[in-house]
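Please read these numbers as outputs of a predicted model, since none were measured by experiment. By convention in this document, chain letters (A, B, ...) are assigned in the order of the sequence lines, proteins followed by strands, and residues within each chain are numbered from 1.
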Protein chains: 2
Amino acid sequence: MPTESRRDRHRRELVEEITAVARRQLDEGGPGNVSWRGVAREVGMNPASLYTYFGSLDDLFTALITESFHSLAGAVDQAFDDSEGAEPVDRLLACVRAYRAWAVANPRQFNLIWTDQLPGYAAPPDGPTVTAEQTVYRPFLLAVGEAEGCGDRLVEFATLPTDDQHRLLGLFGTLHGLVSLEINSHLAPSMVDGEALLVDRMAHALRHVHPPRDRSHIDTSEK
Amino acid sequence: MPTESRRDRHRRELVEEITAVARRQLDEGGPGNVSWRGVAREVGMNPASLYTYFGSLDDLFTALITESFHSLAGAVDQAFDDSEGAEPVDRLLACVRAYRAWAVANPRQFNLIWTDQLPGYAAPPDGPTVTAEQTVYRPFLLAVGEAEGCGDRLVEFATLPTDDQHRLLGLFGTLHGLVSLEINSHLAPSMVDGEALLVDRMAHALRHVHPPRDRSHIDTSEK
DNA sequence: TTGACTTGCCAAACAGCGTTTGGATACGAT
DNA sequence: ATCGTATCCAAACGCTGTTTGGCAAGTCAA
């Protein structure tokens, strides 16, 4: 029976402190601002001692990426849970808003998890980052399943026909693309409201999942 | 009268060689693989001598970013020119394909120009990177202008009503998002064809700009 | 052609980086 | 109490971007 010795607790707390410090450095100046020696300095240790807790800087980044995926997934999950009972489309839009809100609040983490940012870094295949990424898609798949009338059972993406796969990925691609453009200051020159733009386009893409009685506005809203 | 002395020519050639070497290092291992000393080593010079041609590593990256923007814009421009006379929608789709093809061929450059990748780097406001980015949007605006029946005159984005701005940005957001996801290996687990997915969604989004006689298929292609 | 002046280039140094090594110290389990 | 292991540190290695001072070469006017 694994009772926690004082060494184990100290180790656990130190690992948490290390990742917390590294995450702060990441949020403040991006991946290039996260330095092994800098973390060691802040936690008051010799750089060599850190190797007791992480095998390398890449391992530390793996932890950061995993943590960020879970943080994003948690934000979307909460939006999904909080909107229980609402119209399926509104639940999906709530998830969309949560996705954008998290990205706006954590732009460095957003870029870290979605684009290659580290010199020689390659995520370990079947590692924690891969499974963590899946948790982000889960609430969206649940919401879409609900909208499509599949009840609570999780949509199995791989079993869907190609058309539906394309519709789903197109939806997520638009979400991801608009948020990515906004986060990286490519929308600013247009002087448009990022959230309004995103919600407008997502609602437009989802207009067909409204109850049939609402379909009358389809041809008037589009050229 | 600025005739080119042999010093001037040598300088111009060296600047070209430096950026070429740096770009190769970028393509091979991302921004983190581009090192001042590495470039100096490859062009056979002392690191300090490079400061005659670029003020700092950030200045070198500014040149790389500008060059990449122009490279991408050139690829899309060529697709636009080569498709002259075709259906407006097909011209737009040709530009979309060119955009993706360039990104697939130059993923490091793609990530470099669209997302924050450099530690303390901040693009000089009103600098060359800002104007270079605009050249990417130009062929898309021209193609959309043609599709909307505005003739050859460039669509002035800022003067468009909000609805049209949203439609345009939504289109580009989908394009950018899907390509970005594919480039960064987030589409691979889905086992979908990236190009087929992209063209499918873009064609779907553009189905309304077809000539009126073709509108009959709209409701059958969508759930 | 000579002189003055600018530019190009290098060697050396500084502070910082990730990582490895060897040895000392403190803890946990037997 | 002892053995073994986990923890921690000092020092070093080779890398990084950048600065400094000085020397050689190219440019241009007198």
Side-chain angles (χ1 to χ4, degrees), chain A residues 1-19 21-26 28-65 112 117-122, chain B residues 1-19 21-26 28-65 112 117-122:
Chain A
M1 180 156 301
T3 70
E4 190 183 57
S5 66
R6 62 186 106 171
R7 234 203 196 144
D8 292 339
R9 189 177 61 251
H10 183 239
R11 182 185 183 87
R12 187 176 44 79
E13 290 172 349
L14 212 41
V15 166
E16 286 175 10
E17 186 181 355
I18 290 170
T19 54
V21 167
R23 192 147 79 124
R24 208 175 41 73
Q25 290 185 353
L26 171 70
E28 284 175 357
N33 193 46
V34 179
S35 83
W36 193 260
R37 295 181 104 107
V39 171
R41 214 176 297 123
E42 282 202 47
V43 301
M45 285 188 20
N46 187 285
S49 305
L50 281 193
Y51 285 91
T52 310
Y53 305 97
F54 289 92
S56 67
L57 190 61
D58 279 4
D59 282 7
L60 181 53
F61 271 115
T62 297
L64 286 182
I65 293 173
L112 178 69
Q117 297 244 0
L118 311 169
Y121 180 85
Chain B
M1 181 160 298
T3 71
E4 191 184 55
S5 65
R6 62 187 105 170
R7 253 246 264 267
D8 291 340
R9 189 176 63 251
H10 183 238
R11 183 184 181 87
R12 186 174 47 77
E13 288 172 351
L14 245 177
V15 167
E16 286 175 11
E17 185 182 356
I18 291 170
T19 54
V21 167
R23 192 147 80 125
R24 206 176 43 73
Q25 290 186 352
L26 171 71
E28 284 175 359
N33 193 46
V34 179
S35 83
W36 193 260
R37 295 182 105 107
V39 171
R41 215 176 295 123
E42 281 202 46
V43 301
M45 287 189 15
N46 187 284
S49 305
L50 281 193
Y51 285 92
T52 309
Y53 306 96
F54 289 94
S56 69
L57 190 63
D58 279 4
D59 282 8
L60 181 54
F61 271 116
T62 297
L64 287 181
I65 293 172
L112 177 69
Q117 297 243 0
L118 310 170
Y121 180 84

**Prompt:** Is any side-chain heavy atom of Arg9(B) closer than 4.5 Å to a side-chain heavy atom of Glu13(B)?
**Reply:** yes
**Request:** Assign Phe54(B) to base, sugar-phosphate, or nothing according to its heavy-atom contacts below 4.0 angstrom with the strands shown.
**Result:** nothing
**Asked** How would you list, by chain and number, every residue that makes a side chain to side chain donor-acceptor pair (under 3.5 Å) with Asp8(A), sequence neighbours excluded?
**Response** Ser5(A)
**Message:** Looking at dT18(D), I'd like to know if its phosphate oxygens (OP1 or OP2) sit under 4.0 Å from a side-chain N or O belonging to Tyr51(B).
**Reply:** yes
**Request:** Round to a whole Å and report the spacing from CG of Asp8(B) to P of dT27(D).
**Result:** 8 Å
**Prompt:** Hey, is the side chain of Asn46(A) poking within less than 4.0 Å of OP1 or OP2 on dC8(D), counting only N and O atoms?
**Reply:** no
Between the protein and nucleotides 21-26 of chain C, are there any N/O to N/O pairs under 3.5 Å, and if so, what are the atom names and distances?
none

**Message:** Ignoring hydrogens, what is the shortest heavy-atom contact between Val39(A) and Leu50(A)? Give both atom names and the distance.
**Reply:** CG1-CD1, 3.9 Å
**Fill in**
Atom CZ of Phe61(B) and atom P of dT18(D) are separated, to the nearest Å, by 10 Å
**Prompt:** At their closest point, which heavy atom of Gln25(B) faces which heavy atom of Ser35(B), and how far apart are they?
**Reply:** OE1-N, 3.3 Å
**Prompt:** Which pair of heavy atoms, one from Phe54(A) and one from Ile18(A), lies closest together, and at what distance?
**Reply:** CE1-CG2, 3.7 Å
**Request:** Using atom CG of Asn33(A) as one end and atom P of dC17(C) as the other, report the distance to the nearest whole Å.
**Result:** 10 Å
For nucleotides 12-16 of chain D, give me every protein contact, N/O to N/O, under 3.5 Å, one pair per line with atom names.
unit_1: dT16(D); atom_1: OP1; unit_2: Ser35(B); atom_2: OG; d: 3.4
unit_1: dT16(D); atom_1: OP1; unit_2: Arg41(B); atom_2: NH2; d: 3.3
unit_1: dT16(D); atom_1: OP2; unit_2: Arg41(B); atom_2: NH2; d: 2.7

**Asked** Which heavy-atom pair separates Arg11(A) from Thr52(A) by the least distance, and what is that distance?
**Response** NH2-O, 3.0 Å
**Complete:** From NE2 of His10(B) across to P of dG8(C) the rounded distance in Å is 10 Å
**Message:** Using whole Å, what does the distance between atom P of nucleotide dT7(C) and atom CG of Leu50(B) come to?
**Reply:** 18 Å
**Request:** Using whole Å, report how far CG of Leu60(A) lies from P of dC17(C).
**Result:** 14 Å
**Asked** Whole-Å distance between dG18(C) C1' and Gln25(A) CD?
**Response** 14 Å
**Asked** Can you list every salt bridge (charged side-chain N to carboxylate O under 4.0 Å, His left out) pair that touches residues 39-57 of chain B, not counting sequence neighbours?
**Response** Arg24(B)-Glu42(B)
**Message:** Please confirm whether the shortest side-chain N or O distance from Arg11(B) to OP1 or OP2 of dG8(C) is below 4.0 Å.
**Reply:** yes
**Request:** Mind calculating the distance between CG (Leu14(A)) and P (dC8(D)) to the nearest angstrom?
**Result:** 6 Å
**Request:** Give a yes/no on whether any side-chain N or O of Thr52(B) is located under 4.0 angstrom from OP1 or OP2 of dC9(C).
**Result:** no
**Item:** Partner residues of Thr62(A) under the side chain to side chain donor-acceptor pair (under 3.5 Å) criterion, sequence neighbours left out
**Value:** Tyr121(A)
**Results of side chain to side chain contact (heavy atoms under 4.5 Å, CB included) for Leu57(A) - residues two or more places apart only** = Trp36(A), Leu60(A), Phe61(A)
**Message:** Please determine whether a side-chain nitrogen or oxygen atom of Ser49(B) lies at a distance below 4.0 Å from atom OP1 or OP2 of dG8(C).
**Reply:** no
